[in-house]
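Taking it in order: structure first as structure tokens, then the write-up.
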Amino acid sequence: MTADGAHRVVSNTAFLAGGGALGELIRSYDWASTPLGVPSTWPGSLRTLVQVMLTSQQPMFIAWGPERTMLYNDGYAPMCTNRHPWALGKPFAEVWSDIIQDVGPIMDAAYAGTPTYMDDIEFQMTRNGRPTETHFSFGYTPVHDETDQVAGMFCTALEITSEVIAGRHRRQELDRLRTLLEQAPSFMAVLTGPEHRFEITNAAYRQLIGHRDIIGKTVREALPDIEGQGFYELLDKVFTTGEIFVGRGMKIDLQHTPGGPVENGYLNFIYQPMYDEAGEISGIFVEGGDVTDLKKAELALMESIATQDVLAGELQHRIKNSLAMVAAIAAQTLRGEDIADRRLLFNSRLSALATAHDILTNSTWTTASLREVVDGALLPHLPSENRVSVQGRDIDLNPKQALSMALAIHELATNAAKYGALCAPYGSVSISWDFSGVADERKFVFTWAESGGPQVSEPSRTGFGSRLITKVLASDFGGQVGIDYAPQGVRCVLETDAASVTASKTPSKKG
């Protein structure tokens, strides 16, 4: 101020330099038509705030004077949506008239000298002509002039709408996933982060550990009674290396009832790494079963019957294969954010696996008819009209071959129903198998051939289903699998030595 009390007029407007698109708008704006007047007359506190605002990438706005005239920067402009650039130089209450009942008291508090900070505040804001849920994190700070009176308000803001809604959706999908896993007979848990923090457990897992409250806790916090037994270290290794660990009949000392004694038992289980969208390990999927009674019975029998060694080894081998396949399906299918669709896909793959298990159970897990495996895997996908033909000898598969064949047929049928021959009115699928060649060169050939569907093109990436068909199926049959994405229809052929399978002399047909 001058000696006579009048405000000195500062003509320098260098404080308006920079600021990108909003800087240009502010410099060219007709401020003389607003209560603020021309920038050369603005008080020092306002000039300083504008300079800070224009040189920052953080979304900011200023409300100044009794009318609460608005200025903002490039970072804040997207929050204004269709209000920008009209909002520049307008009163705050006019710009945000649709939410003024919610935000007005916060602004009044700032002008009364009380700062406010909000981590998350929800507004029903008008965007594109309709009410829209929005979320913001912001702070309102009172600004004093040279007379120590509140002359305006300074705000740093961040819109967090997408993060809040994404978090809500993730929680909803996790709830659905928990419901899906809850009734599974085997125990299951999802651990996140390098500290192995419990995110999901099902009823079988909670029963195993005595119904402790463990969600949100690390394994070391939740299960201190297993310290020194090597389980912490196994989890650390799986998370660090990405190598799957399968435990077979592993001894564990665990508290099975709340406040009860630590009891020894035996578990079959698998630790399967889970990956995020960046391909980094984000957690571990745990799945298994309590085989204490089985193991103790096995040990008792082994004392008197030496042949139980063979039976126990075979049993463990079968359980290992089943656990590994379930865990692989879970880890590959649940990867990513779209948990709703992946939950349905996970359920369908488990159903195909369960059908093959039923067939094996009926034969006491010795062999399974290839025809029954194919028919069982096809059943959920067959159209009302008969457009699938199956022809081949009666072949007996071992358990590993039966499980991998069931999943392979399930994947081929699913793709055919969605994108291939079975999604077209006149498309058809031919499935056949037989032996060719003689003597030492005799081969077993299994063929899936589609025709009459949409024109086929090779997919741009290889999914879990394709990898299962070309790698797992080939490995379990000791042969080679090729998939030809010919324009007229997908063709998948498995070829292996005849010795890998057993055939009878009775041909069977289904058309």
Whether Asp213 and Arg206 form a salt bridge (side-chain N of Lys/Arg under 4.0 Å from carboxylate O of Asp/Glu) is what I want to check.
no

To the closest 0.5 Å, what do you measure between OG1 (Thr192) and CZ (Arg197)?
7.0 Å

Within the supplied structure, the quantity of interest is the number of heavy atoms (other residues, nucleotides, ligands) at a distance under 6.0 Å from Asn128 CG; does it exceed 12?
no

Can you confirm whether more than 12 heavy atoms, excluding those of Glu227, are under 6.0 Å from its CD atom?
no

Can you confirm if the aromatic rings of Phe198 and Tyr205 lie within a centre distance of less than 6.0 Å?
yes

Using a cut-off of 6.0 Å, state whether more than 12 heavy atoms not belonging to Glu163 lie near its atom CD.
yes

Using side-chain heavy atoms (C-beta onward) and a distance below 4.5 Å, is Met70 in contact with Ile62?
no

Name the atoms and distances for all side-chain donor-acceptor pairs under 3.5 Å in residues 90-97, with sequence neighbours left out.
{"from": "Lys90", "atom 1": "NZ", "to": "Trp86", "atom 2": "O", "distance (Å)": "3.2"}
{"from": "Trp96", "atom 1": "NE1", "to": "Tyr76", "atom 2": "OH", "distance (Å)": "3.4"}

I want to check something: taking the side chain as every heavy atom from C-beta on, are Phe138 and Pro59 in contact at a cut-off of under 4.5 Å?
no

With a sphere of 6.0 Å drawn around CD of Glu233, does it hold more than 12 non-hydrogen atoms of other residues, nucleotides or ligands?
yes

Not counting sequence neighbours, which residues clear ring-ring contact (aromatic ring centres under 6.0 Å, His included) with His84? List them please.
Tyr72

Between Tyr426 and Arg387, is there a cation-pi geometry (under 6.0 Å to ring centre, at most 45° from the normal)?
no

Side chains of Phe245 and Leu235: does their closest heavy-atom pair fall under 4.5 Å?
no

For the atom pair CD1 (Ile483) and CH2 (Trp448), what is the distance rounded to the nearest 0.5 Å?
11.0 Å

If you count heavy atoms of other groups shown closer than 6.0 angstrom to NZ of Lys251, is the number above 12?
yes

Is there any side chain to side chain donor-acceptor pair (under 3.5 Å) pair reaching into residues 49-65, and which pairs are they, with sequence neighbours excluded?
none

Heavy atoms of other groups near Arg130 CZ, more than 12 under 6.0 Å
no

